[in-house]
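In what follows, chains carry the letters A, B, and so on, assigned in the order in which the sequence lines appear, proteins first and then strands, with residues in each chain numbered from 1.
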Amino acid sequence: MIMINSLKSPEVFPAILASTVHDIKNSLGVLLELIRQMAVRQQPGEAENFSQLEFEANRINHSLMQLLVVYKIGASKFGLDIDEYAALDLIYEAKAQQDVMSKLKHVQVQVAGDADLLCYCDFAHISNALGTILNNALRYTHSAISLSVDKTDDGFVRFCIEDDGQGYPEHLLQADLRGFTNLDWVRGNAGLGLFFVSVVAGLHENGDKAGFVCIDNASRLGGARFCLFLP
Amino acid sequence: MKFSLASKTILVIDDYAAMRRAIRDMLYTLEAVTVIEASNGVGAINAMMNNRFDVVLCDYNLGDGKNGQQVLEEARLRKLIGQHCVFVIISAEQSTSMVLGAMDGKPDEYLAKPFNAQQLAGRLQRHFERKSFLAGVETEVLRGNLPKAIKLCDALLASGDKKMQTHLIKLRAELAINSGDYETARNLYRDILANRELPWAKLGLGIVEFRQNHYEHAVAIFEQLLKAQPMMMEVYDWLSKAYEELHKLSDAQAILSQAVHLTPQSILRQKKLAVTAERNGHFDVAEKAYQATMHIGKYSIHKSCEDFAGLAKVYTKTNAADKALHTLAEMRKEFLNSPEAELRSATIETELQKNLGNEDLAKKAFDKMLELSNRLPGKIPKDVQLDMVKTCFLSNEKEKAKELLESLIKTHVDDEAFLDTVREMQKDIGEEDFSETLIQKTKQMLIATNNRGVALYKQGKFAEAMALFETAMASMPDNKTIILNMLKIILHDLKFGDFHEDKLLRAKELLKRAQQIGIDPHKLGILKLECIEISQQRLIAG
């Protein structure tokens, strides 16, 4: 039996938090696999429900990871595991993470980039960041999404996620994604996701340069465009 | 080509049946045919004893019994998985690699839950490609043929695969360190760092300094690295080792405490902290760390009676006799029929009963200790031998103490860290002069033998030099300096003098012996290379 008093001791919290997260993640893993299996045998007209289920489960997962990042930064247990990776591998990982959802929604996800382009980052954090944005894009796009990566003239590696939906709403376009002077825009799933992704990008540093994200409606497909820059 | 697992033998380990089924279904969508399941660590180990797996997917959290990391350690140590096998630890945590640290060995991949078939396929494919790309090099490393591994690695580097370049340089630098070629390693790390501040390259630079005995430089690099990478656990391990070499034991303990706080599940780190804190006289810290070591070790291949004995010794020092006796009883229960555990128990009990003033019981334990030690000739760990010396002193058996101490010092006279623990023990019981005289005498004898041997060899008297060393070796069977010197002379003679098959055989024997008595692999690297080169030239010539 758990002694209720022991919950007041701060050392217990991390252990309980870790066990809870572990438990929810186990649940999510089984849930997602069941959704995938049931979707294979779906009846006509159910596609919308299945993609909603998949979207929500992914959303719970991303929120959980964001919560963990915040907890770790607070407990001084956060650190990036930086190494060199093929930039396309990060894109493929994000695409794979959202594979079920894109199939359910019949969205064409195209990938473009130089196979020899390398980047320096924490693989798990950046591929998750891209997965978070892609999950949202899949919800709002009509029929296609483009994932691409290239190198900018000032030496950043730039990841772009472009869709053919309605584009970002005005209040998000106005948001300050680099300085966080005003956090009014951080509400709803899209806003929260963007906030965490820009925090994670900003933690990537090289010399005096830091990573960042920016958004606009200049998508080559006619909808929203999200870009993440790694130094 | 489409990714397929059709030809792969796969093991899935998870205590949660629904999760196993989910993973198995995922594998089937990737065309897997042979999927074996286990619900706990013991089942997993049994499965690995009976099958040769290409892929192992193991959840970190397996309920009661071994966890995923312990399954991995045991599989590697017992060689139940081959180098081609991709071992994946599945966990809820994103940053598992940091939380678990590297002291106990890393899997090929950490996979965070939840994941789907496509993600799994992507990860596995990258590992299959990488493993087959590096297979030649890894095989030679396993065989101990470093020159060939280096040659193959250089050839891969020259092939210009951009995506593999950095990984190959990392491997090449490690090969250089292992063969004692520190300059090459340093240059490779510096080249990487000139382009990008990659943590592993910085760590490598520190390791090079450490290996060259530049401990102050190594400490500076490790400290700087820790500031930027506070979650990089390997750095804590190296930093504490460097402090130890500099005799800064309280700094070493402080760093180990931080590391243990961040990774409480790492058994080897807990153990290191326990031993260091005990040497520093911080018995409360040592007690906690030993208890943690025993607790984590319950299902680990690193479980050892040494830890139980360590805790019992801490209790002996803090006059907690009841707890000490209880710990010894636990040890005998956990290690039934282990002569080493019995011997440790009798040795510590002698001191305990002495402290309690129970002369009869002390005598009984002491006699038991001597009897047990006679049954284990040549197999008694050095720390136990040292404890035995102490009990001999306490029991006023000075002759026996002297005999044991003499052989201990002869064997380990070039192991300064161990000599320090000898000195500490002697100081504890007020007998400093006793061992110090022996240490100095043995050192002088060793230097004299070496000088005479080397001089004889230089005069061209190879046989006489060897005979001298063989005699010295008979009286100091496990002395590292003597074995190293004999090796150097034989190899030099094989290269520049007459070749005899017997000499090559003797060199190989000595190399094997050197490995057995734990001479640092990086010190043996160059000698091993020479031995292999000579064998190969012989093959070509013959």
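If you measure heavy-atom distances from A:Y92 to chain B, you find no contacts under 4.5 Å at all. Within the 4.5 angstrom heavy-atom criterion, atoms from both the backbone and the side chain of A:D83 approach chain B. Contact of B:N116 with chain A is made through the side chain alone, with heavy-atom distances under 4.5 Å. Residue B:D59 touches chain A through its side chain alone, counting heavy-atom pairs closer than 4.5 Å. The contact between A:L32 and chain B is made entirely by side chain atoms (from C-beta outward), counting heavy-atom distances below 4.5 Å. Heavy atoms closer than 4.5 Å to chain B are found in both the backbone and the side chain of A:D89.
Applying the side chain to side chain donor-acceptor pair (under 3.5 Å) test to A:D150 and every residue at least two apart in sequence or in another chain returns A:R158. Evaluation of the side chain to side chain donor-acceptor pair (under 3.5 Å) rule for B:K131 yields B:D108 as partners, not counting sequence neighbours. Listed by chain and residue number, B:K202 satisfy the side chain to side chain donor-acceptor pair (under 3.5 Å) test with B:Q224 (two or more places apart in sequence, or in another chain).
Smallest separation of non-hydrogen atoms from B:I89 and B:Y60: CG2-CB, 3.9 Å.
Of the listed residues (B:K113, B:M19, B:R196), the one with the most heavy-atom contacts under 4.5 Å to chain A is B:R196. Ranked by heavy-atom pairs shorter than 4.5 Å toward chain B, the options A:R36, A:Q97, A:E84 are led by A:Q97. Each of B:H167, B:R123, B:Q229 has some count of heavy-atom pairs under 4.5 Å with chain A, and the biggest count is that of B:R123. Each of B:Q165, B:E197, B:M26, B:R21 has some count of heavy-atom pairs under 4.5 Å with chain A, and the biggest count is that of B:M26. Ranked by non-hydrogen atom pairs under 4.5 Å with chain B, the options A:N26, A:L64, A:L28, A:N61 are led by A:N26. When each of A:S27, A:P231, A:A94 is checked for heavy-atom pairs under 4.5 Å with chain B, A:P231 comes out on top.
Using a 30° and 60° split on the angle between ring planes, B:F128 and B:F3 fall in the parallel class, below 30°. Using bins of under 30°, 30° to 60° and over 60° for the plane-to-plane angle, the ring pair B:W200/B:Y189 lands in the perpendicular bin.
Of the residues listed (B:Q270, B:R269, B:Q258), the one engaging B:T263 in a side-chain hydrogen bond (donor to acceptor under 3.5 Å, both in side chains) is B:R269, and it is the only one.
Contacts between residues 99-115 of chain A and chain B, counted as heavy-atom pairs separated by less than 4.5 Å, involve A:D99, A:V100, A:K103, A:A115.
Under the 4.5 Å side-chain criterion, counting only non-hydrogen atoms from C-beta, B:V235 is in contact with B:L203. Using a 4.5 Å heavy-atom threshold, the side chains of A:I24 and A:T20 count as touching.
Atom CZ of B:R24 has more than 12 heavy atoms from other residues, nucleotides or ligands within 6.0 Å. In this structure, B:K162 places its NZ atom where only 12 or fewer heavy-atom neighbours from other residues, nucleotides or ligands lie under 6.0 Å away.
Checked against the 6.0 Å centroid threshold, A:F226 and A:F159 do not count as a close aromatic pair.
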